[in-house]
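Working notes, structure below.
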2 protein chains.
Amino acid sequence: MKVLVVEDDEKLSGFIQKGLEAEGFVVDLCRDGDDGYALATTREYDAMVLDIMLPGRDGLSILRNLRERDIGTPVIVLTARGSLNERLDGLKLGADDYMMKPFYVEELVARLHVVTRRATGSGKSILSNGEVSLNLVTREVRIGEEAIELTAREFALLSYLMRSPGRVFSRAQICEHVWNYHFDPGTNIVDVYIQKLRKKLAGDGEIIETVRGVGYRIREES
Amino acid sequence: MKVLVVEDDEKLSGFIQKGLEAEGFVVDLCRDGDDGYALATTREYDAMVLDIMLPGRDGLSILRNLRERDIGTPVIVLTARGSLNERLDGLKLGADDYMMKPFYVEELVARLHVVTRRATGSGKSILSNGEVSLNLVTREVRIGEEAIELTAREFALLSYLMRSPGRVFSRAQICEHVWNYHFDPGTNIVDVYIQKLRKKLAGDGEIIETVRGVGYRIREES
DNA sequence: GTCTGGGCATGAAGGTCTTGGTTGTTGAAG
DNA sequence: CTTCAACAACCAAGACCTTCATGCCCAGAC
């Protein structure tokens, strides 16, 4: 799950970044409206967090332009307390939710889960396929009835793959979305984490299939 | 050592970031000229790597404005191969060095060491104080005659402190320069690394002094 | 001198990522 | 059909980073 955060306040953006990353989100951060718009239009994100007051170009303008260009990425806008108009304008322009500053990062995380779930089709917070099921909110993973403990990275990887069972993901795609590496083909970290998941998930049959020369996929069963 | 890299090419900026971080530099990265100028003027860096061809605002313009405002941060400009004029203009405008694309990141690292050394006064590549000496290029650390092995973080921390023996650095300052954390006062990672250094450096007397309620400093001896 | 709170020290433990060797697969040559 | 080289994938081990919990110690209050 990749999120673009456009927020100029360093302290706040730092907290947001850390909070989201601890939950397994991959975060791109920028502090400037123009830069934010450029990133939002040139890359794919699963959601955006957009401050209204920004240097360079305000958040509402960015949001309007995104929607005009039919970019439907879920957006949560951040507004100053009290400025009711900003909130209303934001929602009118196609924001999916808003938060008033100051707020708890945990709450932002929860709302991000909501809007991304809403966007990922079914609106469900549980991904399941075969005997594997994965609760995106509580971060519980079950294989059959047995609960499995996963680390943050492992969960991020598994949930990324589980969003499209049967679809093959290349290592480069996985690196991009799960690690935010746009480069460095010299790493085998994806392979390593696939092995970790296989070991932990070890059920009947291969849950994660290798597609030689291409990448990996979840065996489709549901 | 904190470096601002302004470069729009993702792949290249990724490589640069990784290469510099592996050497213990702390890297801020941005892909846009306006944003780059804003960062360069509002924060302190030990050096900048500046591409000439940039969206938003070209590198030469940034460089000219920085120098007009008497910001003397060492700058290495990146130019396309063949464009001799760019190089000459860059040097005329106050660049400290240039590199033609494509280049090896190792070379960039080497030149960064050169320009930062030049800027840090003496132009020396060896910091020493008392019986501790620290070679910024080869990354060798000695205490008396004995060589010490440090990890990247440990080296970054020690070299940051050693640049100003006797000066007290707060935990916040250290976090900012060595970890690039602008936030999260809830971590004691600085303390932990200070302990690691103390253990590895264990010579006669305390090399790193605690200033209770404030921070840490290198005991001045030279 | 004694008490006490906050700042600091320290070890343990878990997570992340890299390294390098081993195994397995593919495809072409013999 | 068999062999072999090259490449892809697998896996174990270890280094490094970071957090957490606990205990120590200094400074000021009494």
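So you know, we letter chains A, B, ... as the sequences are listed, proteins then strands, and number each from 1. Note: hydrogens, waters and symmetry copies are ignored here, and every other heavy atom, side chains too, is used. Because the structure is predicted, anything quoted here is derived from the model rather than measured.
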Legend entry - Sub-6.0 Å ring centroid separation between A/Y193 and A/W179: yes
Inset, instruction - Please say whether more than 12 non-hydrogen atoms of neighbouring residues, nucleotides or ligands are located less than 6.0 Å from CD in A/E209. - result: yes
Inset, instruction - Check whether any side-chain nitrogen or oxygen of A/R171 sits under 4.0 Å from OP1 or OP2 of D/dA9, and answer yes or no. - result: yes
Inset, instruction - Specify the residue among A/R212 and A/K199 whose closest nucleotide of DNA chain D lies further upstream toward the 5′ end. - result: A/R212
Legend entry - Interatomic distance where CD belongs to A/Q195 and P belongs to D/dA9 [whole Å]: 11 Å
Inset, instruction - Taking the six-membered ring for Trp and the full ring for Phe, Tyr or His, determine whether the centres of A/F169 and A/Y216 are under 6.0 Å apart. - result: no
Inset, instruction - Round to a whole Å and report the spacing from CZ of A/R198 to P of D/dA9. - result: 10 Å
Grab the N/O contacts between the protein and nucleotides 15-21 of chain D below 3.5 Å, and write none if there aren't any.
residue : atom : partner : partner atom : Å
D/dC17  : OP1  : B/R153  : N            : 3.4
D/dC17  : OP2  : B/T151  : OG1          : 2.9
D/dC17  : OP2  : B/Y193  : OH           : 3.1
D/dC17  : O5'  : B/Y193  : OH           : 3.2
D/dT18  : OP2  : B/R153  : NE           : 3.2
D/dT18  : OP2  : B/W179  : NE1          : 2.8
D/dT19  : OP1  : A/K18   : NZ           : 2.8
D/dT19  : OP2  : B/T187  : OG1          : 2.6
D/dC20  : N4   : B/N188  : ND2          : 3.3

Inset, instruction - Please state how far atom CZ in A/F169 lies from atom P in D/dA9, giving the value in whole angstrom units. - result: 16 Å
Legend entry - Pair A/E107 + A/R111, salt bridge at N-O below 4.0 Å: yes
Legend entry - Electrostatic pair B/E7-B/K101, nearest N-O below 4.0 angstrom: yes
Legend entry - Start and end of chain A contact along DNA chain C [non-hydrogen atoms, under 4.0 Å]: C/dG15 to C/dT26
Legend entry - Side-chain N,O (A/T210) to OP1/OP2 (D/dA8) below 4.0 Å: no
Legend entry - Polar side chain donor-acceptor pair, A/T210 to A/R198, under 3.5 angstrom: yes
Legend entry - Heavy-atom pair with the smallest gap, counting every atom of A/P165 and A/N129: CB-OD1, 3.7 Å
Inset, instruction - Assert yes or no for the condition that the ring centre distance of A/H177 to A/Y45 is strictly below 6.0 Å. - result: no
